[in-house]
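Beneath this line is the structure, given in structure tokens, with notes to follow.
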There are 2 protein chains.
Amino acid sequence: MSTAESPDFRPLYAQVKELLIARLVRGEWRPGEVLPSEFSLAATFGVSQGTVRKALDEMAAQNLVVRRQGRGTFVAQHSQPQALFHFFHIRDEGGTKELPTGLVLELRGDRADRAQTTCLKLPARARVWEMRRVRVLRGKPVILERITLPAALFAGLTLPIGSEFPDELYILYQEKFGVTVARAEEKLRAVAADSLDAKALGVAKGTPLLEIDRVALSLDGTPVEWRLSRCNTARHHYLSEIE
Amino acid sequence: MSTAESPDFRPLYAQVKELLIARLVRGEWRPGEVLPSEFSLAATFGVSQGTVRKALDEMAAQNLVVRRQGRGTFVAQHSQPQALFHFFHIRDEGGTKELPTGLVLELRGDRADRAQTTCLKLPARARVWEMRRVRVLRGKPVILERITLPAALFAGLTLPIGSEFPDELYILYQEKFGVTVARAEEKLRAVAADSLDAKALGVAKGTPLLEIDRVALSLDGTPVEWRLSRCNTARHHYLSEIE
DNA sequence: CAGTGGTCTAGACCACTTA
DNA sequence: AAGTGGTCTAGACCACTGA
């Protein structure tokens with residue numbers, strides 16, 4: 001493999017991985033689609049199968065692709081079971097994974113304020129979508145969210161306001177807008193419920209809530225969502241597993 | 001490699017890994033010590049170097065060993081820089097990693113109560129150590145902890161009560177008692193400060209605090225510590241990175 | 001059955017460390 | 001210079017999948 005124009009001392013497999021990710025970012029294969037086989041990729045890159053394998057194994061470890069013996073290597077999809085809980089860490093007391101439903105309260109377009117431009121690395125006064133929703137677990141409102149999206153990435157966004165539906169926004173982002181959330185950084189704090197929180201979650205004003213401040217990044221590292229969640233942790237908790 | 005006594009269809013490298021971990025658990029190599037080279041291990045197990053490599057690579061990914069080119073493969077140590085923040089996720093607003101100091105308030109032996117036997121999977125009325133301490137960041141008390149340890153694993157534990165020192169208990173567990181914490185599960189909730197919390201952390205009673213309920217497990221999966229922390233998140237947060 | 005990823009081997013060369 | 005882990009290759013065989 002020759003990248004003649006610049007001396008490049010990174011390992012071959014790392015270069016292969018980078019090229020494959022660049023092709024993913026470009027949307028060359030859609031989520032759920034199968035990639036070419038290891039041998040075929042090895043041939044096109046002019047490296048051995050083992051080198052391609054190492055690149056793909058690392059991508060599988062980062063949840064960018066899913067490998068299935070006998071079938072092939074597929075572009076990861078947020079609708080896949082293992083992906084569904086990857087970005088959702090709220091569990092009930094037994095640790096059971098329950099899928100929340102969502103209720104959108106409000107969705108409107110606006111100019112970004114300072115906090116929003118900072119978190120999403122947008123130019124001043126960029127257009128954003130601002131959404132508020134409640135997430136419901138076992139029939140009770142547990143999480144109140146305020147979600148900010150760069151309008152440039154989500155042109156023509158609409159959502160069924162006021163109706164409850166099994167939600168996973170990241171599936172929507174991926175399927176309708178071609179935006180794949182690859183990783184996220186969450187900052188957790190304890191805060192007191194303000195009167196809006198209290199009303200939406202059915203708790204007293206001042207009740208301690210778990211605040212989750214999340215910025216989600218796409219495959220190429222662009223911030224694509226800023227989400228501020230407030231969770232009633234009376235009957236639920238946030239699960240963090242440290243390996 | 002023949003494990004003649006029982007049909008074993010697991011991959012060779014997985015068996016090698018299991019054998020190596022068993023030897024770590026048995027304390028065959030102490031933390032910080034160097035393991036035999038890949039070639040030497042391959043010879044003793046009767047497999048190829050590549051197979052040993054795959055086992056060691058997985059162990060390195062789990063932070064059980066540290067590999068250093070040109071030097072060798074070493075048993076992971078809690079005192080190593082990358083390990084120091086692996087189990088400590090509290091950051092200040094800038095995201096800076098500051099090392100806390102610790103102030104032990106109390107240390108006493110007792111019989112385990114129901115909560116303690118449940119969390120640590122101990123028999124009823126087993127002996128435990130119960131410790132309370134405050135952790136200090138930038139000169140301010142930020143975290144109040146109540147730590148329970150099985151006395152059986154920590155015979156003769158003593159700690160400098162009332163004096164502040166750069167703390168990392170996991171280094172102590174490893175060096176003085178041969179107990180290596182390999183992973184942990186944390187449940188996070190928002191709670192209101194009780195009067196003890198308030199006094200220790202210098203906040204008003206009722207202030208929202210981040211509660212971290214952690215059970216730490218050793219290499220072989222035995223629960224070795226139950227830690228209930230309450231953090232003042234006014235100037236700090238808990239960082240969770242989702243890959 | 002052919003094609004896929006998963007495992008295992010053997011050998012070559014490289015980069016880094018220590019003596 | 002010798003020894004270590006890191007990369008890369010080529011080829012063999014296996015287990016699983018779907019036509």
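The basis for the numbers below is simple: all heavy atoms, side chains too, and nothing from hydrogens, waters or symmetry mates. Every chain is numbered from 1, with letters handed out A, B, ... down the list of sequences.
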**Ionic contact status for A:Arg138 with A:Glu98, cut-off 4.0 Å** = yes
**Request:** Indicate yes or no: does A:Arg235 engage A:Glu93 in a salt bridge with an N to O separation below 4.0 Å.
**Result:** no
**Prompt:** What bend angle does the helix from C:dC1-D:dG18 to C:dT18-D:dA1 show across its length, from five-pair end axes and to the nearest 10 degrees?
**Reply:** 10°
**Asked** Is the backbone of A:Ser40 close enough, under 3.5 Å, to the side chain of A:Ser37 for a donor and an acceptor to pair up by distance?
**Response** yes
**Message:** Donor-acceptor check, side chain of A:Trp129 to backbone of A:Phe154, threshold 3.5 angstrom: yes or no?
**Reply:** yes
**Most 5' of B:Gln49 and B:Val52 on DNA chain C, judged by nearest nucleotide** = B:Val52
**Prompt:** Can you tell me how far CE of B:Met59 sits from CD1 of B:Ile21, rounded to the nearest 0.5 angstrom?
**Reply:** 5.0 Å
**Asked** Listed by chain and number, what are the salt bridge (Lys or Arg N to Asp or Glu O under 4.0 Å) partners of A:Glu33, not counting sequence neighbours?
**Response** none
**Listed partners of A:Asp213 passing salt bridge (Lys or Arg N to Asp or Glu O under 4.0 Å), at least two apart** = none
**Prompt:** So does B:Arg30 have more than 12 non-hydrogen atoms from other groups sitting under 6.0 Å from CZ?
**Reply:** no
**Message:** Classify B:Phe39 by what it touches in the nucleic acid, base, sugar-phosphate, or nothing, heavy-atom distance under 4.0 Å.
**Reply:** nothing
**Asked** If you walk 5' to 3' along DNA chain D, what is the first nucleotide with an atom under 4.0 Å of a heavy atom in chain A, and what is the last?
**Response** D:dT7 to D:dG18
Can I get a per-line list of side-chain donor-acceptor pairs under 3.5 Å for residues 177-188 of chain B, giving both atom names and the distance, sequence neighbours left out?
| from | atom 1 | to | atom 2 | distance (Å) |
| --- | --- | --- | --- | --- |
| B:Thr180 | OG1 | B:Gln174 | NE2 | 3.1 |
| B:Glu186 | OE1 | B:Tyr238 | OH | 2.4 |
| B:Glu186 | OE2 | B:Arg214 | NE | 2.7 |
| B:Glu186 | OE2 | B:Arg214 | NH2 | 2.7 |

**Asked** Can you check salt bridge (charged side-chain N to carboxylate O under 4.0 Å, His left out) on B:Arg67 and B:Glu38, steps first, answer last?
**Response** CA-CA 11 Å; B:Arg67 320 198 72 189; B:Glu38 295 179 352; 2.4 Å; yes
**Prompt:** Listed in order of residue number, which residues of residues 60-73 of chain B have a non-hydrogen atom at under 4.0 Å from DNA chain C?
**Reply:** B:Gln69, B:Gly70, B:Arg71
